[in-house]
Amino acid sequence: MSKDLSYLLVFTFLYKYCSDSLKDYFLSAIEDKEITLDEAFRNGRIEMEFENDAFHMFGYYIKKPTAFIDEVINTTYQDRWFIPGLYTTFRDNVSFVKGSNYEKYFNFIFKCIESQCKLERIEYDPKINFIVKDIIYSISKLDIYEQEFTFKDVFDEICGLRPILADQDPEYMNTLLAEIVFATKSTPMDVYNPFLNDASSFIELSSKSGVVYGNSFAKSHDTITLCCSIVKLLISYFDLDNVFLEFEDALDSTDFYGSSFDVIISNLPSIGGWSSKSINTAQEYEILKRNRRRKLQNMLSEQFNVNEESFAEDNKLNSALESILDEMDFNNANNKFNEEYSSLRDSEYLFLINLIDSLKDDGVMVVSIAQSFLFKNSLEILRKYLTYEKNYLDCVISIPGELGRYMRPQIICVFKKNRVSSDVLFIDLAKEDIIKKSPLPHRRTTRKISQLNDKNIKHIIDTYTKRQIIDKYSNIVSISEIESNEFNLSVSRYVDTFEGEFIQLSELADEKKEITSKIKKLNKKIDIMMDELDLRF
């Protein structure tokens, strides 16, 4: 039953939003025409204008007014087959521009419902049927334009509860990641998240820039989470034709059809979780080939003024480039791992390296990751490659355990291509004044939940952008010093947060010697007194 209800809830939010958005627009369009909505749909010219405007402005179109959700509920709510009827009404009456992402993602949700749910089964249990119908009715009465507690806020809360339980990222983490990206790139055009979860990272980044940026790319291997993300992006005003989602596990392949990105932003899984995966040689070859093609295109554009559109539209030029690339030996002459770095080939560590390779030349990658990345011995060669060899690592921020995902300490790493500076900024939030809020009523915990506030985040961003050294908070460390520490990146090694007086070991040794001498003298006095009082036994 839980799986049936999960997809049904997501579908109902989708139907509600699409229906009310279109209906509100259509009503505003005929406000001065003195006709009803039904009459407008019966007018061929107006109906055609409705369809064209809907495709252009919304990406989808509902073919008749009787298919709007409130009309369906008003006329069929008491029917025995109301729930499957609600689904088929929307599926059969919503249309899209052929080949659009709207068509692709809506059909993905429909396919999930049809493969995962047995909607008719709900009708056979009167008790469950009543509850589900009541939930659908309640969702249908929400105001999608509510400002205080928005439609998206309601959907967020539902997604975090049973039976949906979509994979979600911590809100404070998405906010901080987005702020760091925005401090580096105010107008990112192509953004990639290999682990989409609930799409909050995209939405946060969009809210910081004030507009929905260019293109969003992501992967997800969980169907209910992907369905939730599609709806969440839609109700957050993303144009789905600029959103490219794949139902795939990024651990199997980081590559996204050879695309390159301005920004990569993500909450990455623990590196230990990658041990059963490996980036295969074929993928590595394709990434190397893609990067080399990008360099060739840049050279042709800069030195010979070749129009960038020609690379996609000119078949002869495209074939010539492919022929040149095919002649290159990526397995030998262009092998990016040699000698001491050869151990990284075909290993799980290629995941992180290949992500960075997917960045454009001025790209930035901001990710949260488990703290074990900083000091785990098996990752030393990876840390050396990312710092000493490539100088990719720009900043490391330590997140206290009470804030970390699953209450474990975490870090945020900022990687940049073509860095000018040769040092790394370390920030430690251990001494930061962090607020604690009471948990939401549905969360089964009595302890208050710690959260970063606006003041904390502003302090982090100011320190990062100005690259400040602040006592017990931040430090700038040269690559040579990191090398002398065997590429250990533990923040506590470089940011001293100790409070109190330091005591020299020599002073402690002298004090211990003095105490021992006094104890010996005292014991002698006690022995003499016991002899005089004849208290020996």
Side-chain angles (χ1 to χ4, degrees), residues 170 172-173 175-184 264-268 270-271 352 355-356 364-377 379-405 408-434 450 452 455-500 502:
Y172 71 87
M173 187 65 79
T175 301
L176 184 51
L177 294 178
E179 288 280 7
I180 294 171
V181 169
F182 189 61
T184 306
I264 295 176
I265 180 172
S266 189
N267 287 283
L268 301 181
S270 168
I271 284 187
L352 198 58
L355 273 184
I356 298 173
V364 59
M365 183 167 88
V366 184
V367 295
S368 70
I369 197 169
Q371 272 203 345
S372 59
F373 166 72
L374 300 179
F375 50 78
K376 197 173 180 182
N377 289 338
L379 298 176
E380 180 183 339
I381 191 67
L382 174 62
R383 293 192 296 269
K384 181 179 180 181
Y385 181 82
L386 295 173
T387 54
Y388 179 81
E389 179 72 15
K390 289 295 185 181
N391 192 30
Y392 285 152
L393 185 62
D394 188 60
C395 179
V396 180
I397 303 171
S398 176
I399 309 294
E402 60 182 1
L403 280 173
R405 195 187 319 172
R408 292 198 298 266
Q410 275 191 288
I411 54 153
I412 291 176
C413 287
V414 182
F415 299 94
K416 286 184 178 180
K417 283 277 194 78
N418 298 330
R419 283 202 326 136
V420 176
S421 60
S422 57
D423 50 40
V424 179
L425 173 65
F426 290 85
I427 300 176
D428 194 338
L429 303 186
K431 297 298 181 181
E432 186 79 336
D433 185 18
I434 295 169
S450 300
L452 295 177
K455 182 181 177 182
N456 300 139
I457 293 175
K458 185 178 185 305
H459 193 193
I460 295 168
I461 299 303
D462 285 347
T463 305
Y464 173 69
T465 54
K466 297 173 184 176
R467 296 189 79 80
Q468 297 172 317
I469 298 176
I470 302 173
D471 185 40
K472 303 188 187 309
Y473 186 76
S474 64
N475 193 16
I476 294 176
V477 181
S478 66
I479 297 297
S480 59
E481 183 177 346
I482 293 173
E483 181 183 12
S484 68
N485 283 307
E486 298 179 335
F487 299 98
N488 187 312
L489 297 176
S490 180
V491 177
S492 60
R493 183 174 290 247
Y494 304 106
V495 180
D496 179 17
T497 59
F498 178 80
E499 292 184 353
F502 284 98

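Taking S398 as the reference, Q371 meet the side-chain hydrogen bond (donor to acceptor under 3.5 Å, both in side chains) condition, with sequence neighbours excluded. For S478, the side-chain hydrogen bond (donor to acceptor under 3.5 Å, both in side chains) test picks out S480, with sequence neighbours left out.
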Between L429 and N456, does the side-chain contact (heavy atoms from CB on, under 4.5 Å) criterion hold? Intermediate values first, please.
CA-CA 9 Å; L429 303 186; N456 300 139; over 6 Å; no
Using the side-chain contact (heavy atoms from CB on, under 4.5 Å) rule, take L374 and I411 through it: C-alpha gap first, then chi angles, then the decisive distance, then the call.
CA-CA 9 Å; L374 300 179; I411 54 153; 3.3 Å; yes
Apply side-chain contact (heavy atoms from CB on, under 4.5 Å) to I482 and L393, showing your working.
CA-CA 12 Å; I482 293 173; L393 185 62; 5.8 Å; no
Step-by-step side-chain contact (heavy atoms from CB on, under 4.5 Å) determination, E486 to E380:
CA-CA 7 Å; E486 298 179 335; E380 180 183 339; 4.1 Å; yes
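Using a 4.5 Å heavy-atom threshold, the side chains of M365 and L355 count as touching. Residues T184 and V181 have side chains not in contact (no heavy-atom distance under 4.5 Å, counting atoms from C-beta outward). Y392 places a side-chain heavy atom less than 4.5 Å from the side chain of K417. Residues V396 and I427 are not in side-chain contact: their nearest non-hydrogen atoms beyond the backbone lie 4.5 Å or more apart. Put simply, the side chain of F373 reaches to within 4.5 Å of the side chain of R383, judged on heavy atoms. Inter-residue side-chain proximity for K472 and V495 is flagged as unmet; no heavy-atom pair is nearer than 4.5 Å. Side-chain contact between C395 and I397: present, with at least one pair of heavy atoms (C-beta onward) separated by less than 4.5 Å. Considering only heavy atoms from C-beta on, I412 comes within 4.5 Å of I399 through its side chain.
Nearest heavy-atom pair, K416 versus Y464, reported as atom, atom and distance to 0.1 Å: CE-OH, 3.4 Å. When all heavy atoms of I369 and C413 are compared, the pair lying nearest together is CG2-SG, 4.5 Å.
Judged by distance alone, the side chain of S474 and the main-chain N or O of Q468 form a donor-acceptor pair under 3.5 Å. Not a single donor-acceptor pair under 3.5 Å links the side chain of N485 to the backbone N or O of F487.
Checked against a 6.0 Å centroid threshold, the rings of F426 and Y494 count as neighbours.
Note that the CD1 atom of I381 and the CD atom of E389 stand 9.0 Å from one another [nearest 0.5 Å]. Distance check, rounded to the nearest 0.5 Å: NZ of K431 to CG of D496 gives 10.0 Å. The OG atom of S368 sits 9.5 Å away from atom CG of L176, with the distance rounded to the nearest 0.5 Å. With rounding to the nearest 0.5 angstrom, the OG1 atom of T387 is 6.0 Å from the CG atom of L489. Separation of atoms OG1 (T465) and CD1 (I461) is listed at 7.0 Å; rounding is to 0.5 Å. Taking CD1 of I356 as the reference point, atom CD1 of I264 lies at 8.0 Å (rounded to 0.5 Å).
For CD of E483, the number of neighbouring non-hydrogen atoms (other residues, nucleotides, ligands) closer than 6.0 Å is greater than 12.
A salt bridge links D394 to R467: at least one charged side-chain nitrogen sits closer than 4.0 Å to a carboxylate oxygen.
When D428, D462, T463 are each tested for a side chain to side chain contact (heavy atoms under 4.5 Å, CB included) with I470, only one passes: T463.
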